[in-house]
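Excluded from the calculations below are hydrogen atoms, water molecules and symmetry mates; all remaining heavy atoms, backbone and side chain alike, are included. In what follows, chains are A, B, ... by sequence order, proteins preceding strands, each numbered from 1. Here the structure is a predicted model, which means the values were calculated and not measured.
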There are 2 protein chains.
Amino acid sequence: MAVTIRDVAEASGVHVSTVSRAFSAPHLVNPATRTRVLAIAEDLGYRPNRAARALTTGRTHNIGLIVADIANPFFPPLIKAAQAQARLRDYHVFVADTDEDPQVEEELIQTLTKQVDGVLLCSPRLTNRTIERLREEVPFVVVNRRVKGMPTVLMDVGRGVRLAVEHLTGLGHRRLALVTGPSGSWTSKEMQSAAAAMSEADVTFLGPNPPTELGGLAAVTDVIASGATGVLAYNDLVAIGLMEGLAERGIAVPGDISVIGVDDIVPGRLSRPKLTTIAMPTAAAGRIAVDMLLQSVDSDSTGGVTVLETSLIVRESTGETHS
Amino acid sequence: MAVTIRDVAEASGVHVSTVSRAFSAPHLVNPATRTRVLAIAEDLGYRPNRAARALTTGRTHNIGLIVADIANPFFPPLIKAAQAQARLRDYHVFVADTDEDPQVEEELIQTLTKQVDGVLLCSPRLTNRTIERLREEVPFVVVNRRVKGMPTVLMDVGRGVRLAVEHLTGLGHRRLALVTGPSGSWTSKEMQSAAAAMSEADVTFLGPNPPTELGGLAAVTDVIASGATGVLAYNDLVAIGLMEGLAERGIAVPGDISVIGVDDIVPGRLSRPKLTTIAMPTAAAGRIAVDMLLQSVDSDSTGGVTVLETSLIVRESTGETHS
DNA sequence: ATACTTTTTGCAACCGGTTGCGGTATTCGA
DNA sequence: TCGAATACCGCAACCGGTTGCAAAAAGTAT
């Protein structure tokens, strides 16, 4: 059916090995025959079969990308960037969604290992132990979580949190609240420790909460009870839910309470009032994670930790306090 | 390095072919030896190499999923559903982003064909001719576009548009506007013809516009000039941009002008006012498209056309007109 | 016990490439 | 002019499975 390397060999009167080399080791074949072979291959519409190649070389030229929830607006820019970068390096990417289920996550990794040269694990829900065990079977790069001795891409939310707190205190806020995320979340822990280290303000921790709009909605009463005039939410969705809930009770944002989110996802940019937020460099993270992965694939390096800067984007949901 | 079928064969004292059959043709091997082999395989941590298997069977158990823009909120639910459905059928999915570039799209398909059993083309930008040519090389299912004689999943926006127009006319609107999308878009054409067929109202067509928030923003002056009190936008992003622009000019939604979007993406659910929209069954489309693809993969069927229903979700951006 | 099925297993070729090794042909140095 | 280095190419084994064919084993009928 499909045209193989043997067809090309036959058509050009050379051995298959010569055709093979014409593609993957050009310096080992006479320029003249090489161009001839290439022309004939082009003519016949020959495309090397990557699966067959993988069998001998041990390189599939595929990578796996595992995320908890594709539909979470935080991930698509990362996936997009990772995919584009992979393509640049002549790699294809399997994308898999675990539905936040560690079991599924592990299974996925297991079945994927033989088909990929490495996998990108984004905000994994697996235990460190499991990750370390799986690591024996395939190279990893972990995004958004710190795992001992493993190549990692981190986003420095701590800095974002500090900027956010400074922003709020600069506007006169003294009593702040932090709506935390899932208890297993590395980001959430980072946010807490960064906030706790700030002496300028008095911050109370609320949660844990699901990282969704509903989670924000659910946190409204606690926020009000805390007496805080400035709130930092685990992410933009939570922040939006929160603003939703505050609006329902007639509490003005930013008039009465200022709200800051995290991630800078599209919905936050479109909300009313527009959300002040800590921007996460997700696209850069995807790009860099791919490069780190490919590097660790063909150099067996131990792999370091890359920390990406975050920044505060001030929009309309924060303002001076009048209390 | 990795444990192969030969390791298992040796460890269990049988020939590799027996091991192979123990996995992929159970009825051809003695139940006793089968369980023994399976146990030993499990013990050794053996996982069949799908790439190797693909070489002989011609089935990679992978599918490709090509979209114009992963970051467009319309796609993630579709990708997620497709991926989940594929997993159910023991398939993995390559996701690729064409960045709206037909050239990239074609290249992607070319390099993917050898690695997949079929590909899902979502809102392709390629010409019909190209698609038909590519079809020779690999089975397709096309989503969101009609291509002659090819398995297709369509969402019936026409119905949604009719519901939307009825909704608006029911609220007293007589002058309507339709902000159209990219000129190549099948959906946009469908919307236009559906709207044109409605006799209850007088609808003017505006555009074409880019299918983004900016596109909506750009359409504001035209919308105002048209004198319409009810506007149907190409999609939710356009609708949001439109509302944004109207707000800037002090025009109330839905007080002065009612706005309806298409897609029911997350940002629309979170906008203020909440967007009335035509919901597209993207998840169902992803699921069904995968099933159709797998079916056409192993039955060589000609493949039909599946049309999915859309519905109108009334929220806060539409109301009675006072003009 | 014999002949005939049926079940279970082994053998070996094959899928589509890659690659170490060795053989020619050509070029280079002296 | 001749030996040696070099460039180019073919041979054949191999990657990790699958599968048609045939042999061996087990079961069945007579």
Side-chain angles (χ1 to χ4, degrees), chain A residues 1-38 40-41 44-62 90 111-117 137-138 298, chain B residues 1-38 40-41 44-62 90 111-117 137-138 298:
Chain A
M1 194 81 236
V3 27
T4 79
I5 202 174
R6 322 218 178 229
D7 300 327
V8 178
E10 193 166 357
S12 41
V14 299
H15 195 264
V16 292
S17 56
T18 302
V19 179
S20 173
R21 280 189 277 255
F23 280 94
S24 44
H27 60 282
L28 288 181
V29 42
N30 185 314
T33 62
R34 176 173 134 82
T35 56
R36 189 162 50 86
V37 167
L38 257 37
I40 293 183
L44 266 47
Y46 167 74
R47 307 243 150 217
N49 181 326
R50 304 173 74 137
R53 179 179 295 177
L55 208 48
T56 50
T57 61
R59 287 268 125 70
T60 62
H61 267 244
N62 293 144
D90 195 27
T111 63
L112 231 38
T113 52
K114 284 295 196 322
Q115 293 198 274
V116 300
D117 296 340
E137 311 193 18
V138 60
D298 51 32
Chain B
M1 195 81 238
V3 27
T4 78
I5 202 173
R6 324 223 176 226
D7 300 328
V8 178
E10 195 166 356
S12 41
V14 299
H15 194 263
V16 292
S17 56
T18 302
V19 178
S20 173
R21 282 189 276 255
F23 280 94
S24 43
H27 59 283
L28 288 180
V29 43
N30 186 313
T33 63
R34 176 173 133 83
T35 58
R36 188 162 49 85
V37 167
L38 257 37
I40 293 182
L44 266 45
Y46 166 74
R47 309 238 152 221
N49 181 326
R50 304 174 74 138
R53 178 178 296 177
L55 208 47
T56 49
T57 61
R59 286 272 124 76
T60 62
H61 267 244
N62 293 145
D90 194 25
T111 63
L112 230 38
T113 53
K114 286 295 197 323
Q115 294 198 274
V116 301
D117 296 340
E137 312 194 17
V138 59
D298 49 34

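- For the residue pair B:Q115/A:N62, the side-chain donor-acceptor check at 3.5 Å is satisfied.
- Not a single donor-acceptor pair under 3.5 Å links the side chain of A:D117 to the backbone N or O of A:R59.
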Query - Intermediate values then yes/no, side chain to side chain contact (heavy atoms under 4.5 Å, CB included), B:L55 and A:L55 - result: CA-CA 9 Å; B:L55 208 47; A:L55 208 48; 3.3 Å; yes
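- Proximity of B:Y46 to B:I5: side-chain heavy atoms (C-beta onward) are separated by under 4.5 Å at one or more points.
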Query raised in the report: Which letters describe nucleotides 9-18 of chain D, given B = protein heavy atom under 4.0 Å from base, S = only from sugar-phosphate, - = neither?
Result: SBBB--BBBB
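- A side-chain contact (heavy atoms from CB on, under 4.5 Å) with A:S12 is found for exactly one of A:T18, A:L44, A:V37, A:L38, namely A:V37.
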